[in-house]
**Q** 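There's a structure below that I have some questions on.
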There are 2 protein chains.
Amino acid sequence: MKENERKYRSGCPVAYTLEALGDRWSLLLVRDLALKGVKTYGELLDGWEGISTNILAQRLKHLEDHGIVSKSRDPENWRSYIYELTDKGRDLAPVLAELILWGGKYDRSDDRITETVDKVTRDRERFEREIRAGDVKKPLSSPSADE
Amino acid sequence: MKENERKYRSGCPVAYTLEALGDRWSLLLVRDLALKGVKTYGELLDGWEGISTNILAQRLKHLEDHGIVSKSRDPENWRSYIYELTDKGRDLAPVLAELILWGGKYDRSDDRITETVDKVTRDRERFEREIRAGDVKKPLSSPSADE
DNA sequence: CTGGATCCCAATAGATACTG
DNA sequence: CAGTATCTATTGGGATCCAG
């Protein structure tokens, strides 16, 4: 099946972007791949708000098809796969930064949010550089402590 | 009904943002309200990629609930409504800019895209300022010529 | 054991027709 | 013009099953 590529010939770059990322999960996956040390299917499965297995597989495939995520064997654990952002995926760093800043500006409901936003605000250059370098461990936002 | 506010307590500003805007239409509507001179239900209906009436109504309500869009009577035409971005909505200008730049970088399939992207790249300050000022007519991207 | 496919079913998105 | 009503299609959750 062809995903949802129907319309969107549009001539608008926003439409193109939303075709690739305009659903409730894709950007959250990109966030986790970019900002947390997360790399495997299993790590992506828990981690946070609870995506189900079929949706995760489907979204990963979708992101792969769009050249945003790459999939390879884990050299240290052959039975596992590694999902990573491609260059194209890492180029989403500024988008992530803006999403964080906007969300942070209007949702101060949680101390962790304040903290994350402050970090991006204070050193946005570094934030984007780290994502692009792809060598982030856990630079920002560690939602590990979920209830 | 309560939309989809179930999860997303998350403590992550990205999740907050995506709860408000993480679907295929919301950001396109924001784009049209921000970048084109579009203000009414009817104008939003056509214009581009073809949203259906119930979805448009639903998304507008959703954006209103999230304080991104405001609705008021058109003083010059009492039988019509005016939809406008609120301050919160206009604060999405940097997000839009990044979506345009990313989309434009990877989709050069259309001359109009190149054109739009070039404009944002060349004078991003002005782009964001105009959106925030709310006095844009048709500053960027005029997809008027759809087939 | 990890990464996924499949099935079932609930909930949401969406097209079309119709209404105040 | 600005929506609702109705109906269909797609998405998504959760459990289970299956392959390497």
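Per chain, numbering begins at 1; letters A, B, ... match sequence-line order. Since this is a predicted model, take the numbers as computed values, not measurements.
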**Q** Within the structure, does a side-chain N or O atom of A/S80 lie under 4.0 Å from either OP1 or OP2 of C/dG3?
**A**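 Looking at the OP1 and OP2 atoms of C/dG3, one of them is under 4.0 Å from a side-chain N or O of A/S80.
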**Q** Could you check A/R73 against A/I55 and say which one's nearest nucleotide on DNA chain D is further toward the 5' end?
**A**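 Of the two residues, A/I55 wins.
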**Q** How many Å lie between CZ on A/R24 and C1' on D/dT10, as a whole number?
**A**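 Computing the A/R24:CZ to D/dT10:C1' distance gives 13 Å.
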**Q** OP1, OP2 of C/dA13 versus side-chain N and O of B/Q58: anything below 4.0 Å?
**A**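 Checking B/Q58 against C/dA13: at least one side-chain N or O falls below 4.0 Å of OP1 or OP2.
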**Q** OP1, OP2 of D/dG12 versus side-chain N and O of A/R59: anything below 4.0 Å?
**A**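 True: A/R59 side-chain N/O within range (under 4.0 Å) of D/dG12 OP1/OP2.
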**Q** Okay, side chain of A/E128, backbone of A/R124: is any donor-acceptor separation there less than 3.5 Å?
**A**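 Checking the backbone N and O of A/R124 against the side chain of A/E128, no donor-acceptor pair under 3.5 Å is found.
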**Q** Taking only residues two or more places apart in sequence or in another chain, which ones pass side chain to side chain contact (heavy atoms under 4.5 Å, CB included) with A/D23?
**A**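 Checked A/D23 against side chain to side chain contact (heavy atoms under 4.5 Å, CB included); matches are A/W25, A/S26, A/R59.
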**Q** Tell me: CG of B/L28 to P of C/dG14, nearest whole Å?
**A**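 B/L28 atom CG is separated from C/dG14 atom P by 11 Å.
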**Q** NE2 of A/H62 versus P of D/dG12: gap in Å, rounded?
**A**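 Rounded to the whole Å, the gap is 11 Å.
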**Q** With the criterion being N/O to N/O and under 3.5 Å, what pairs connect the protein with nucleotides 16-20 of chain C, and how long is each?
**A**
from: C/dA17; atom 1: N6; to: B/T53; atom 2: OG1; distance (Å): 3.2

**Q** Testing the basics here: between A/L99 and B/T17, what is the closest heavy-atom pair and its distance to 0.1 Å?
**A**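 Shortest heavy-atom contact: O-OG1, 2.9 Å.
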**Q** Taking only residues two or more places apart in sequence, or in another chain, which ones meet A/E76 in a side chain to side chain contact (heavy atoms under 4.5 Å, CB included)?
**A**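 So A/E76 forms a side chain to side chain contact (heavy atoms under 4.5 Å, CB included) with A/D74.
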**Q** Test of understanding: with ring-ring contact (aromatic ring centres under 6.0 Å, His included), list the residues that count as partners of A/Y81, not counting sequence neighbours.
**A**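 Here no residue qualifies.
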**Q** Can you name the side chain to side chain contact (heavy atoms under 4.5 Å, CB included) partners of B/R79, sequence neighbours left out?
**A**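 Result, side chain to side chain contact (heavy atoms under 4.5 Å, CB included) vs B/R79: B/N77.
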**Q** Excluding sequence neighbours, so at least two apart, what forms side-chain hydrogen bond (donor to acceptor under 3.5 Å, both in side chains) with B/N54?
**A**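 side-chain hydrogen bond (donor to acceptor under 3.5 Å, both in side chains) check on B/N54 returns B/S52.
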**Q** Would you tell me if any nitrogen or oxygen in the side chain of A/R79 comes within less than 4.0 Å of OP1 or OP2 on D/dA19?
**A**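 No, A/R79 has no side-chain N/O under 4.0 Å of OP1/OP2 on D/dA19.
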**Q** Between A/W25 and D/dT11, is there a side-chain N or O to OP1/OP2 distance below 4.0 Å?
**A**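 Answer is no, no contact under 4.0 Å.
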**Q** Send over the distance from A/W78 CH2 to D/dG20 P, rounded to a whole Å.
**A**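 About 11 Å, once rounded to whole Å.
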**Q** Assign A/Y41 to base, sugar-phosphate, or nothing according to its heavy-atom contacts below 4.0 angstrom with the strands shown.
**A**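 It contacts base atoms.
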